[in-house]
Amino acid sequence: MVAALATVGALLLTSVSGSAGTLPKVVNGKHILWSLGAATNVSPNNLIYHGGLVETTPAVYNVFWGPAWQNGFSFSAGGFTYTNTTVQNYLGGYFGNVGGSPFAGIQTQYCQGILPGFSCAGDPSAQFITNPTGQLKGTWVDPSPVPADITTTGLVSNLTTDPLEAEAIKASQHFGYDVNATINIFTEPGHTATLYGTVYCAYHSETGHTTGHGVRYAFVPYVPEQGGGCGQNMVNATNDAFGHGYLDGYSIVAGHEYAEAVTDPGNQSGIQDGWNDATTSENGDKCAWTNLQNITLAGQTYASQPMWSNEANAGAGGCAYSR
């Protein structure tokens, strides 16, 4: 395990110190959102469909993993105190209302069931991604301890013992399996993972499977611990009681993973078979840390990044906040 971690770390750090565009987008099956300091340039090429599945009826489940989510915690910043309840309400408000929004509507141009290519338009076989309201289908506080080895397995491929994969499967059993669902795993403060923060802010993946499909999940640690490198106060410079500023990174990072999991969820053997470009960048990767701004969901604002739209700029493609 130690040797494997050293190898992963060396490869990632070598990529980070290399020239722009050298960072891998998938590491041991994990689709990575690189931190602000590690982000590299991406190509202007449009997304390509690679023949796999998308989430045609997107659903989200929020899992708050660790006893601190149940027992309580608090942090102070900018004259305000933020608790476990503050964070849960912020993320619940975001995912409870992103469905049906113009932001989530960007993804409805993408589909499955067609031959590989750049567009679904006019293809009678296309099964399009939809944008229903009420995509947050459930929330679960799992007070079981977060294992210490999560600090070393964040980017290591070990399908039999990876605690994040095990938690995703446990959550799927709790809620019921849905091939169109993404399970967000929010770990409690104080539990980091290999190179988390210094290199990446979150990732999405799919649990190992031999038949059918695995559980689609996103790993989002306690983002505020990473400060500006993972989005804190990147949109809202001044904090408030709701979480604007202090929790900006949560909606930026978790929103990024949500959109990517909808359009490129598959991960069998590390192969991305949904929508990604010629360099394997996904819709979130191509716009990461650019043109950050607030979006409005049910009357409340949340910090966000744009997503790639193949239709933008008369089909040349570009980052957008609506279709």
Worksheet item: Aromatic ring centroids of Tyr90 and Tyr246 under 6.0 Å?
Response: no
> Any idea how Phe242 and His244 line up, ring-wise: parallel (<30°), tilted (30 to 60°), or perpendicular (>60°)?
Replying inline: tilted
What is the ring orientation for Phe186 with Phe95, classed by angle as parallel under 30°, tilted 30 to 60°, or perpendicular over 60°? tilted
Sequence neighbours excluded, the answer for side chain to side chain contact (heavy atoms under 4.5 Å, CB included) partners of Gln135 is Pro58, Asn131, Pro132, Tyr258
Apply side chain to side chain contact (heavy atoms under 4.5 Å, CB included) to residues Ser205 and Phe219 and explain how you reach the verdict. CA-CA 8 Å; Ser205 189; Phe219 171 44; over 6 Å; no
- Query: When you measure from the side chain of Asp248 to the backbone N and O of Ser251, does any donor-acceptor pair fall under 3.5 Å?
  - Reply: no
For Gln88 and Val141, what are the C-alpha separation, side-chain angles and deciding distance, and is it a side chain to side chain contact (heavy atoms under 4.5 Å, CB included)? CA-CA 10 Å; Gln88 290 166 323; Val141 175; 3.4 Å; yes
Determine yes or no for a side-chain-to-main-chain donor-acceptor pair under 3.5 angstrom, with Lys286 supplying the side chain and Asn45 the backbone.
yes
Apart from Ile48 itself, its cluster of hydrophobic side chains linked below 4.5 Å comprises Phe118
I want to know whether Phe75 and Tyr82 have ring centres closer than 6.0 Å. no
**Q.** Exam field: side chain Gln107 to backbone Val262, donor-acceptor pair closer than 3.5 Å
**A.** no
Tell me which donor-acceptor pairs under 3.5 Å the side chains of residues 167-175 have, and how far apart each pair is, sequence neighbours excluded?
residue	atom	partner	partner atom	Å
Lys170	NZ	Asp142	OD2	3.2
Lys170	NZ	Ser144	OG	3.3

With ring centroids as reference points, do Tyr49 and Trp275 lie under 6.0 angstrom apart?
yes
What one should report as the nearest heavy-atom pair of Leu292 and Ile252 is CD1-CD1, 4.1 Å
- Is it true that a side-chain atom of Glu188 and a backbone atom of Ala68 form a donor plus acceptor pair closer than 3.5 Å? yes
Check: Tyr177 side chain, Gly214 main-chain N or O, donor-acceptor pair, under 3.5 Å:
yes
Ignoring hydrogens and angles, tell me if any N or O in the side chain of Gln232 forms a donor-acceptor pair with the backbone of Gly229 under 3.5 Å. no
For Thr86 and Ala241, the nearest pair of non-hydrogen atoms, with its separation, is CG2-O, 3.9 Å
Query - Donor-acceptor pair, side chain of Asp264 and main chain of Glu260, under 3.5 angstrom - result: no
Does Ser35 reach the main-chain N or O of Val199 with its side chain, forming a donor-acceptor pair under 3.5 Å?
yes
**Message:** Tyr203 vs Leu164, test: side chain to side chain contact (heavy atoms under 4.5 Å, CB included). Steps then yes/no.
**Reply:** CA-CA 11 Å; Tyr203 62 72; Leu164 295 164; 2.9 Å; yes
Donor-acceptor pair, distance only, cut-off 3.5 Å: does the side chain of Thr182 make one with the backbone of Arg216? no
